[in-house]
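Note that this is a predicted model, so its numbers are computed, not measured. For the numbers below, each heavy atom of this structure counts, side chains included, while hydrogens, waters and symmetry mates do not. So that the names make sense, note that chain A is the first sequence line, chain B the second, and so on, each numbered from 1.
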Amino acid sequence: MAIAPRGSGWSVLAGESARQRTVTASGPFRRGGSMVERATIETIAKHEGQEVELRGWLFNKRSSGKLVFLQLRDGTGFMQCVMFKNDFTPEVFEAAKHAPQESSLIVCGTVRADARSKIGFELSVNRFELLHAAEEYPITPKEHGTGFLMDHRHLWIRSRLQHAVLRVRASVIRAIRDYFDNNGFLLVDTPIFTPAACEGTTTLFETKYFEQMAYLTQSGQLYNEANAMAFGKVYCFGPTFRAEKSKTRRHLTEFWMVEPEMAFCDLDENMRVAEDFLVYVVSRVLDERKIELEALERDTAPLERVQKPFHRLHYSDAIRKLNELGSDISWGDDFGGDDETILTQQYDRPVMVHRYPAACKAFYMKKDPEDPRLSMSVDVLAPEGYGEIVGGGQREESLENLMAEVEKHQLPREAFEWYFDLRRYGSVPHAGFGLGVERTVTWLCGIRHVRETIAFPRMLERLTP
RNA sequence: UCCGACGUAGCUCAGUCGGUAGAGCGGGUGGCUGUUAACCACUUGGUCGCUGGUUCGAGUCCGGCCGUCGGAGCCA
C-alpha cells in the first residue's frame, strides 16, 4: 500500500500498517514529489489562496466519518489541516485517520482563510504523506504533573506553552545583546573553568582539570573587570554554575547571566544603565512576543508600566518600610523571599534597592564613603513578587582596601594577584551588574517556576534528560 | 542541610471503619460532513514505591529506606 503518490521519495512499506511506523526512504530525500512551494505556519498568511507544502508533526487530530482534522505543528506554529474523505483513496484516508500523535507528516493543500481558525487560516489538504508513524506518545492532551513532564522534557518542549516561553527567552537574549552592542559595550566572554572561587562564599562545582582541580564559574565578574580596564565598556554572556542546595522556584544550578562592566562608572550611573537596559528588554519582548504572552495568559499591563524612572530605595529606608509593613527584619539582615515580595508589591514597577550592608555582599564591592558599614551595591527587584533579577554595584578600586577585604574573607591571596594588578596599573572607579536570564523570563512570562524558562533545566535532584 | 506534603493502571486521581482494585483521560475497535482538551458505544490496562512488622486478613495501621513535589536558608 503506497500512502504517498507515485514519484514520492518516501513510502509506506507494502503489507504493514501505519501503526507499525513503517515508513522508509526508498531513495534520497526529495521534496515530497510535488511542485508546490514549501511554507511555514508562522508566515502562512502570505500564502492565502495558494497551494503549499507543510512539513511537521501531528499534534492532535479529530475525525468524523467523512473528514479528518489534523492539528499540525511545524516548529513555527500550529495549524489545522482538513481532509475530506472523497479527496483521497481509502488507504490514505484511513492512514490519516489512524496516524498516532506526534507522527511526522508532509501535507500539501490550499491555504484558506477561515473565521473558525485561531490563526485565521486552515489548509485544505489534497496530498497526505506519513513519514513516520509515532509510537504511543507519553504526553497526552490532558493534564500531567510537573515531575512527569520534566522527566519527558525532551518531548514537553514540543508543546504550545513551552514554545511560547522559549520564544520569549530567545527574544530576551536577542534584546540583551542588541542593547549592549548598540550602546558601546564590547562582548568579551569570560572563562567557564576557573582556578578558584570568584566570590568565595557560594558553593562551586568541582571538576578534574588534567592533574589539578578546576571549578565551574559562578560569575564572570573578576575577568570582566580586567576586560573593562582593557576595553572600557564590556559585557559577558554565558552559563554560570552554582552548587547550592537550593530547592526553590527561583533556583537552577546552571543558569545564564549577562554581566556588563564599565570603567569610569559610579553607582548612580550603574543604576541608570540597569534601568535603561531593563526598560529596553521589556519593551522589545512586548513588541516581538504579543502572541506568546497571550498564549501564556500574561497580563501585559504591569509590563507596559516598566518605564523610567524606577523607584530607588536606600537599604535603610527599605528596612524601615518593611518594618512598617509588618516584617520582623532588622537592620543588617539580607532580604528574605517574603521581604522581597512584600516590598515589590508596594510599587508598580521595578525597585532598585541600593547600599546594602557590606557584610551581605561580595568582597570586591566598594564601601559607601558616607557609611562604611554599607556597600555601593544595588539589587533590582522585579514587580509582582518576582524578586531579585539584577545584582551589581561599584567595585573597590583601591588596592589597599581590596587586599584588606581578601584578608578578611580568608581568601587565598596568591590567586588574586592578577586581580590586584588591575588596581596597580591605572585603577579607576568602575561598576557593573549581572542579570539572570531565567528569572527575567519567568517574570516576563508571568509563570511560577524558573525551570520552564530553559530547554533543559539543571537543578538540585535533576540532571536528566 | 532543615521543615512539610505525597508515592494506587501509560497519565491525572478516588479508594469510607482494615474485608481482597475503581473513574476520567490515553491505547484499541466501531460510529458520526466542521471538530477545537471533539463527542458516543464497546474494549484494553495493576508487583497499590521498596522493605520489615501488627492482624484471621493491609492500598488502608506502625517502623525503616528510596523517590517526587513544595518551602526555608543562600543567591541571579
When both hydrogen-bonding distances must be under 3.5 Å and the geometry is Watson-Crick or G-U wobble, what is [N] paired with, if anything?
N      : value
G10(B) : C25(B)
A72(B) : U1(B)
G45(B) : none

Determine the contact category for [X]: base if any of its heavy atoms lies under 4.0 Å from a base atom, sugar-phosphate if only primed atoms, P, OP1 or OP2 are that close, otherwise nothing.
X         : result
Gly336(A) : sugar-phosphate
Val68(A)  : nothing
Leu435(A) : nothing
Arg250(A) : base
Arg160(A) : nothing
Asp379(A) : nothing
Gln80(A)  : base
Glu254(A) : nothing

Rounded to whole angstrom, note down the [atom1] distance from [N] over to [M].
N      : M      : atom1 : value
C69(B) : G53(B) : P     : 32 Å
C66(B) : C50(B) : P     : 16 Å
A5(B)  : U47(B) : C1'   : 25 Å
G46(B) : G52(B) : C1'   : 23 Å
G71(B) : C17(B) : C1'   : 35 Å
C48(B) : G10(B) : C1'   : 16 Å
G15(B) : U20(B) : C1'   : 13 Å
G70(B) : U12(B) : P     : 14 Å

Could you state the atom-to-atom distance from [atom1] of [X] to [atom2] of [N] in whole Å?
X         : N      : atom1 : atom2 : result
Asp114(A) : U36(B) : CG    : C1'   : 12 Å
Leu460(A) : G73(B) : CG    : C1'   : 13 Å
Leu67(A)  : U33(B) : CG    : C1'   : 5 Å
Lys247(A) : A5(B)  : NZ    : C1'   : 11 Å
Glu135(A) : G26(B) : CD    : C1'   : 15 Å
Asn60(A)  : U36(B) : CG    : P     : 11 Å
Asp151(A) : G7(B)  : CG    : C1'   : 14 Å
Lys118(A) : U35(B) : NZ    : P     : 14 Å

From [options], pick the nucleotide closest to the side chain of [X]?
X         : options                : value
Thr248(A) : G73(B), G70(B), U36(B) : G73(B)
Glu340(A) : G34(B), C75(B), G27(B) : C75(B)
Phe148(A) : G34(B), U36(B), C11(B) : C11(B)

Using a cut-off of less than 4.0 Å, is there contact between a side-chain N or O of [X] and OP1 or OP2 of [N]?
X         : N      : value
Asn86(A)  : U33(B) : no
Lys61(A)  : G26(B) : no
His449(A) : G70(B) : yes
Arg62(A)  : C40(B) : no
Arg448(A) : G71(B) : yes

Between the side chains of Asp74(A) and Arg55(A), is the shortest nitrogen-to-carboxylate-oxygen separation below 4.0 Å, so that they form an ion pair?
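Between Asp74(A) and Arg55(A) there is no salt bridge, as every charged N stays at least 4.0 Å from the carboxylate O atoms.
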
Indicate yes or no: does Asp266(A) engage Lys366(A) in a salt bridge with an N to O separation below 4.0 Å.
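So Asp266(A) does not pair with Lys366(A) through a salt bridge.
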
Would you kindly check whether a donor in the side chain of [X] faces an acceptor in the base of [N], or vice versa, at under 3.5 angstrom?
X         : N      : value
His251(A) : C75(B) : yes
Ser246(A) : C74(B) : yes
Gln101(A) : G27(B) : no
Arg439(A) : C75(B) : yes

With a 4.5 Å limit on heavy-atom distance, are the side chains of Leu204(A) and Phe241(A) in contact?
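They are not in contact (no side-chain heavy atoms under 4.5 Å apart), so the answer is no.
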
Student check: side-chain heavy atoms of Phe121(A) and Met79(A) closer than 4.5 Å
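Yes, close enough: below the 4.5 Å cut-off.
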
Can you measure from [atom1] ([X]) to [atom2] ([Y]) and round to the nearest 0.5 angstrom?
X         : Y         : atom1 : atom2 : answer
Leu313(A) : Lys321(A) : CG    : NZ    : 7.0 Å
Arg127(A) : Leu105(A) : CZ    : CG    : 11.5 Å
Arg349(A) : Glu275(A) : CZ    : CD    : 9.0 Å

Decide whether Arg112(A) and Ser124(A) meet the rule of one side-chain donor and one side-chain acceptor closer than 3.5 Å.
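Side-chain D/A pair, Arg112(A) to Ser124(A): present.
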
Just checking, any donor-acceptor pair under 3.5 angstrom between side chains of Ser171(A) and Glu288(A)?
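Checked: Ser171(A)/Glu288(A) side chains pair up, N/O donor to acceptor below 3.5 Å.
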
On RNA chain B, compare the nucleotides closest to Ser117(A) and Tyr137(A); which residue's is nearer the 5' end?
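The 5'-side residue here is Tyr137(A).
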
Specify the residue among Ser124(A) and Pro138(A) whose closest nucleotide of RNA chain B lies further upstream toward the 5′ end.
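Its nucleotide being nearer the 5' end, the pick is Pro138(A).
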
Check whether the aromatic ring of Phe255(A) stacks on the base of A76(B), taking stacking as ring centres less than 5.5 Å apart and planes within 30° of each other.
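Phe255(A) vs A76(B): stacking yes.
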
